[in-house]
> 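First, the structure itself, so that you have it in front of you.
Letters A, B, ... mirror the listed sequences (proteins, then strands); counts begin at 1.
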There are 2 protein chains.
Amino acid sequence: MGVKERREKQREELRQEILDAARTLFIREGYENVSMRKVAEKIEYSPTTIYLYFKSKAELLNCLCEETFAKLGARLEALAKDSPDPVEGLRKGLRVYIEFGLKNPSHYTVTFINHPLHHEGLGEEFAYEGSMGHKAFSYLSAAVGECVRQKKFRRVDVEATSQATWAAVHGLTSLLIVHPDFPWVARNKLIDSLLDTLIEGLKA
Amino acid sequence: MGVKERREKQREELRQEILDAARTLFIREGYENVSMRKVAEKIEYSPTTIYLYFKSKAELLNCLCEETFAKLGARLEALAKDSPDPVEGLRKGLRVYIEFGLKNPSHYTVTFINHPLHHEGLGEEFAYEGSMGHKAFSYLSAAVGECVRQKKFRRVDVEATSQATWAAVHGLTSLLIVHPDFPWVARNKLIDSLLDTLIEGLKA
DNA sequence: TCCGATACTTAACGCCGTTAAGTATCGTGA
DNA sequence: TCACGATACTTAACGGCGTTAAGTATCGGA
C-alpha cells in the first residue's frame, strides 16, 4: 500500500511549493498585487491547479498567516517564561509584537489591518478562537493579569486593559506599516514613547 | 458671456452628483465593493463619464475623504477653543476622534487604514501636509504641547508623544472597525480604559 | 487489457479600472 | 442661415482579476 503514501507525499510537496511561492511573492509584491495567476506562473502550473489544494485565495494566504503568527506566539511564550518581572515582561512582549509586525508587514497587514473581506468563507479557519493571532493576544492578557495580581499595576479591568493595550500597539504597528512616509520621529523613540506612556499609565 | 458660466455650473452640478452617489454607495457597501460602474449606474451615466470629472477611482474617493475629514477638523477646532483645561480638552478630542472614525468607517478606512495603494498617483492631493487628516493631527499635537506647557503633563517629547497617542487611538478605532466580531468588552469601557491609561501615563 | 480514480489543463464567466475612438449637441463666427 | 469646432457623453475594447466547468492525460489495480 505504498502507493497511496507516495501520492500523499507528493501532494503535500506541491502544497508546500504553492505556499512557498505565495509567501515569496506577497512578501515582495504586497498582498493585493499578487494574483492567483502569478502564483501559478511561479510554480509553473496552471492557475486552477492551486484550487485543488486551497479553496480560495483567502484560504491560501490565511495558511501563511497562521504559520507566521505561530512564530510570534512561540516568541511571546518564551518571553513569558523567562521574565521574572511581569512588567518588564509585558513591555518586552509589546515591543516584540510591534517589531514582529514591522518585520512581517505583509502578514501583519492581511491578518490585522485589512478588512475581513479577505477572511470570508473560512469557517473554523479564521475564527478568532483558535487562531494564532488570538493566541498572541492571550499572552498579553496573561501578562496584564499577572501585573495586577502582583500589584505592580493599579486595579484595572484586565480584559479591557489588555484590549486597549493591544489596540495601542496595533495602532502604532499598523500606522508605521501603512503610512511609512508620515514624518515620524525616530522609530525607537516613538515605540518607547508609547510603551512608556502605556505602562506608566497602568502602574499602581 | 453667460454661457461659459452656465456650463461651468452644470459641470459642477454633475460633479457633485457623482460625489453624492459615490458617498452613498461606499458608505453602504464599503469601499472595495463599489466599482466605477456601480457609481455610474447610480447617476445613470456611462462609467467613462466619471473620468471626465475625476481622473481615477482613487481621486474620486479621496475627494470624499477630504470633505469628511474637514468636518472632523472643524469639530476638533471648536473643541480646542472652548476647553479651558487642556487635559480635558485632549481627552475629549481623542474621544471625538475615535467616535468620528466609528461613525465614518468607510472614510476612515480609506484614509488611514488601507494601504496607500489607494492613494497612488495623487500628487499634491494626498500629500500629508495640507491634507485634512494631517490638520486633525496638528490639533492633537497642539493639545499635548499645551498640557506640557502648563505642566499638567510630565516633560515628554511633544512630537513623539503626539504621534504615539495618535497611533494608540487609531489602533482602537481601526480594530473596532475592522474586527467588530472580536469579543470586545463594552465599547465605552474600552475607550475609557485606553484614554485613562494614556492620560495617566502622561500626567506629571 | 481495460476501468476508474487522480492530477492537471483549457476555456470560459462575469467582474474590475481604465482608455481609445466615435457621436450627438449646440453656441458662435462667417 | 449654415458650417465649424468645442464640449459632453457613449460604445467598445484592453488586459487584468478570482473562480468554475468541462475536458484530457496518466497510471495503479482488477
> Check the side chains of A/N33 and A/R28 for a donor-acceptor pair under 3.5 angstrom, ignoring hydrogens and angles.
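No.
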> A quick test of your reading: do over 12 heavy atoms of other residues, nucleotides or ligands sit less than 6.0 Å from CD of B/E13?
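More than 12 within 6.0 Å, yes.
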> Check the phosphate of D/dC9 against B/Y51, side-chain N and O only, distance under 4.0 Å to OP1 or OP2. Yes or no?
no
> Going by heavy atoms closer than 4.0 Å, what residues in residues 40-47 of chain B are next to DNA chain D?
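Result for residues 40-47 of chain B: B/Y45, B/S46, sorted by number.
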> Base, sugar-phosphate, or nothing for B/S35, non-hydrogen atoms under 4.0 angstrom?
sugar-phosphate
> Closest to the A/T48 side chain: D/dT10, C/dT10, C/dC8?
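Selected nucleotide (nearest to the side chain): C/dT10.
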> Would you mind telling me which of D/dA21, C/dG27, C/dG17 lies closest to the side-chain atoms of B/M36?
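Closest nucleotide among those given: C/dG17.
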> Applying side chain to side chain contact (heavy atoms under 4.5 Å, CB included) between A/W166 and each of A/L94, A/T161, A/L140, report the one that passes.
A/L140
> Parallel, tilted or perpendicular, judged at 30° and 60°: which one describes the rings of B/H170 and B/F112?
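It falls in the perpendicular class, over 60°.
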> If the cut-off is 4.0 Å, is B/S56 near the phosphate of C/dG17, judged by side-chain N/O to OP1 or OP2?
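So the side-chain polar atoms of B/S56 never come under 4.0 Å of the phosphate oxygens OP1 or OP2 of C/dG17.
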> Between the axis at one end of the helix from C/dT1-D/dA30 to C/dA30-D/dT1 and the axis at the other (five pairs apiece), what's the angle to 10 degrees?
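Comparing the axis at each end, I get an angle of 40°.
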> Nearest heavy atom decides the nucleotide; on that basis, is A/K57 or B/R37 closer to the 5' end of DNA chain D?
B/R37
> May I ask you to check whether B/Y108 and B/Y31 place their ring centers less than 6.0 Å from one another?
no
> Pick from A/F100, A/F137, A/Y139: which one makes a ring-ring contact (aromatic ring centres under 6.0 Å, His included) with A/F69?
A/F100
> I want to check one thing: is the phosphate of D/dT10, taken as OP1 and OP2, less than 4.0 Å away from some side-chain N or O of B/T49?
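It does, given that an N or O in the side chain of B/T49 lies less than 4.0 Å from OP1 or OP2 of D/dT10.
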> What does A/V39 touch in the nucleic acid at a heavy-atom separation under 4.0 angstrom: a base, only the sugar-phosphate, or nothing?
nothing
> Considering only heavy atoms, which members of residues 13-22 of chain B lie under 4.0 Å from some atom of DNA chain D?
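Heavy-atom contacts with DNA chain D come from B/L14.
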